[in-house]
Amino acid sequence: MFSLNSNVKPLIDSQAFNIVSRLLAAIFAGYLVAATGSGLLAIVIPLAPAQSTLTAMMLSFSIYATAIIWVFSVRNHFVAWRDLLSLSSIFYLLIRLIN
Amino acid sequence: MKENFFRSMTWLHTWVGLLVCWVLLLIFFAGTLSYYRHDISLWTKPELHKNVIQSYDASLIEPELDKAQQYLSQHAEGARDWRISFPTDRKPYLSYSWQTQPEAGQRRGQFIEHVVQKDQEQLITDVRQTKGGNFFYRLHFDLHYMPAKIARWIVGFCTMFMLIALISGIVIHKRIFKDFFSFRRNKGSRSWLDAHNVSSVLALPYHLMITYTGLVTLMVMYMPWAVITAYDGDSQAFRKELRPSRVQVKPIGETADMVQLTSLLPQLQGILGNLPIRQVVINNPGDRNSRVNVYKDTGETVTDRRTAIVFDAVDGKLLNSGVEPDSGAQNTHDTLIALHTGRFSGPALRLLFFISGIMGCAMIATGTLLWANKIRQKQQKQLKQGNKATFGLRLVEGLNLTFIAGLPLAASAFFYANRLLPLDMVNRAQWEANSFFLVLAILGVIACFKRTLSVWRVVLALSGLSLIAIPLLNALTSDSNLLTNMSQGQWSLAGFDIICSIIGLSLLYARSKLSQRHKQPAIRQHDASRADLPLGRTAMNKEA
């Protein structure tokens, strides 16, 4: 018999899990931040809609890149998930609030 | 914390770069060639090498428009659109072309182009089937053998990785200016690192620009979220507001006579002044819902905004004078796009773009070669004991051989196929493209069995020699050759031959360098000791 704990714990601590987790956070949570971030920018930038939308789209890749760098610079990969997911939820709530 | 950041950036740079580098190399390579897209297209159509090249003459526009309209209504009835293209610097000939109605399930119809001879009334209608420069242009973002949509997502993914590799590369490269001036030759992996640094740093602004603007060109696809919040996802409305002159109209199925195109000229001159007309496009010719779009030749203006002057093609009413509200965001966007495509650049700047593109290829290639070199050093002990290299190393070395040595050879195979395949071959244009990928595939198979320096030398020699022989191929398979092209001022044709030969010569030079390297002791002691560092934490940051 095996206990769940003894099997899962070393997996979570392993280097491979750390890397895969960061990679997934970078690609998906990073994209989420960029998506919500640019969505928010498009409605808060005080320009004509077409222009603020254009500006937001052009900036979205900078947001994405910053988010990815963030994922790989924090000490713990759970922190990366936590930061990006909460940031994108804040962005999302703001969008809902304004729209 | 700072050391940790530095460390993870090094790791990120190595792995992010490595994961996508071969696709990136293909994208960079195809993109670099796309700077000469029109020149390649012209070279691949020897039927157009004589009597077609002319320059724009404003006084001839009226009779030319008349003739074009007459010709197209005779030959291209029921087409999806008509295009009358006047000579420009990049495409120095007058042509009538049209797109047939797309077949079921296709997005585009067939594109047919007839070119007007310079001194005669005759048209050249029998041009060989070829994708020409458009093959490389499409390959750059649509890849091949797959739906464009999937390909564009793959390309976007790789481009984002490239951006991350660049940013992390800058972070780990503390001595950016010092290394800029240092190149240690014949020092094994140290030299690869230097070569990687030089090619990256020298053209760094270009690399950053081309990567970011590349993402911007397809941003509506990659990041539609701003449109979703600001326009409730109605991208049609967004586009209409952004580019009112470029809204597509659908045919309504009622026939109607078209206005005489020349009757629009007085109005046009009022708007355009002395600016030359680049192209006249008529959508849905013969339908009551038909439009005439006139594009001006903006020449070397950086924000090459492709706005059209739009007329109703039935009653000739001006619908849009092509003046769009000038806004910071839009100008920024247009500038970013123009920087990516380099449409505004004259010959000298274009060459610089081309060289920067080659530097980008070199950056990617040296990066992966450096990586393979390091891993081989790490496995030095096992290899000496007669063990096989690990799968990862074999894979990387195999892909390096296939793509780095293979791409120039594949491109050259494309050009040879263009001239040597029988003219009446079924699917000829597709077979030209196939021959490009066949070369890569054959090299890939060879790389499964043998990846030694001698294979590299053979491949480099083959591609070098075949590229040097391009002027010969051109002389034998077209009516003109390098010398006659130069004497007649056909510089895009002559330039093609010259650039191919120069690249061929440099490949031969690279081959001879490989022979020398082979004679030296491959690994030095201090390099080997460095290879023990974990996670790609290699010489790069230890020295920094």
Side-chain angles (χ1 to χ4, degrees), chain A residues 15-16 18-20 22-23 25-28 30-77 79-80 88 91-92 94-99, chain B residues 1-2 4-13 15-16 19 156-157 159-161 163-164 166-168 171 211-216 218-232 235 237-244 324-325 327-334 336-337 534-535:
Chain A
Q15 184 75 0
N18 184 3
I19 290 170
V20 171
R22 279 185 203 254
L23 211 58
I27 294 170
F28 295 107
Y31 185 82
L32 212 57
V33 171
T36 49
S38 72
L40 179 65
L41 278 179
I43 49 176
V44 296
I45 295 177
L47 289 170
Q51 291 174 43
S52 62
T53 306
L54 206 56
T55 311
M57 280 202 281
M58 287 191 286
L59 286 174
S60 60
F61 302 106
S62 314
I63 305 175
Y64 198 1
T66 315
I68 293 175
I69 299 290
W70 181 255
V71 168
F72 285 94
S73 59
V74 291
R75 209 169 270 279
N76 187 320
H77 57 110
V79 175
S88 50
F91 285 163
Y92 181 71
L94 283 173
I95 292 172
R96 294 309 292 263
L97 211 69
I98 297 170
N99 249 0
Chain B
M1 180 64 203
K2 204 174 170 200
N4 187 44
F5 177 63
F6 190 71
R7 210 183 151 126
S8 51
M9 285 302 112
T10 310
W11 182 89
L12 192 61
H13 182 73
W15 289 96
V16 157
L19 265 179
F157 187 77
T159 315
M160 202 59 218
F161 267 56
L163 185 61
I164 297 302
L166 282 173
I167 295 172
S168 52
V171 171
T211 309
Y212 203 89
T213 54
L215 288 166
V216 170
L218 289 175
M219 66 182 183
V220 182
M221 179 181 176
Y222 299 145
M223 287 286 179
W225 309 102
V227 181
I228 286 171
T229 56
Y231 285 86
D232 287 329
S235 61
F238 170 61
R239 253 172 238 165
K240 200 173 169 183
E241 216 172 304
L242 205 61
R243 296 254 185 282
E324 283 175 3
S327 77
Q330 208 150 324
N331 282 339
T332 309
H333 177 253
D334 291 343
L336 290 180
I337 302 290
L535 273 181

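Letters A, B, ... are given to chains in the order of the sequence lines, protein chains preceding strands, and every chain is numbered from 1. Computation of the quantities below employed the complete heavy-atom set of this structure, encompassing side-chain atoms and omitting hydrogens, waters and symmetry-equivalent molecules.
Contacts between S52(A) and chain B at a heavy-atom distance below 4.5 Å are absent for every atom of the residue. If you measure heavy-atom distances from I27(A) to chain B, the contacts under 4.5 Å come from the side chain alone. Heavy atoms closer than 4.5 Å to chain B are found nowhere in L41(A), neither backbone nor side chain. Using a 4.5 Å cut-off between heavy atoms, Y222(B) touches chain A through backbone and side chain atoms alike. With a 4.5 angstrom heavy-atom cutoff, V16(B) does not touch chain A via any of its atoms. Looking at I63(A), neither its backbone nor its side chain comes within 4.5 Å of chain B, counting heavy atoms on both sides. For I228(B), no part lies near chain A; criterion is any non-hydrogen pair under 4.5 Å. With a 4.5 Å cut-off on non-hydrogen atoms, M223(B) touches chain A through its backbone and its side chain both.
The CD1 atom of I95(A) sits 5.5 Å away from atom OG1 of T229(B), with the distance rounded to the nearest 0.5 Å. The distance from the OG1 atom of T211(B) to the CZ atom of F61(A) is 12.0 Å, given to the nearest 0.5 Å. The CG atom of L163(B) lies 8.0 Å from the OG atom of S62(A); values are rounded to the nearest 0.5 Å. Distance check, rounded to the nearest 0.5 Å: OH of Y31(A) to CZ of F157(B) gives 12.5 Å.
A donor-acceptor contact shorter than 3.5 Å links the side chain of S8(B) to the backbone of F72(A).
M58(A) and A329(B) make their closest contact through CE-O, 3.5 Å (heavy atoms, listed as atom of the first residue, atom of the second, distance).
Side-chain contact between I69(A) and L12(B) is present, with heavy atoms from C-beta onward closer than 4.5 Å. Contact annotation: the side chain of S60(A) never approaches that of M219(B) to less than 4.5 Å [non-hydrogen atoms, C-beta and beyond].
Applying the side chain to side chain donor-acceptor pair (under 3.5 Å) criterion to T213(B), with sequence neighbours excluded, gives H340(B).
When each of G39(A), A34(A), A56(A) is checked for heavy-atom pairs under 4.5 Å with chain B, G39(A) comes out on top.
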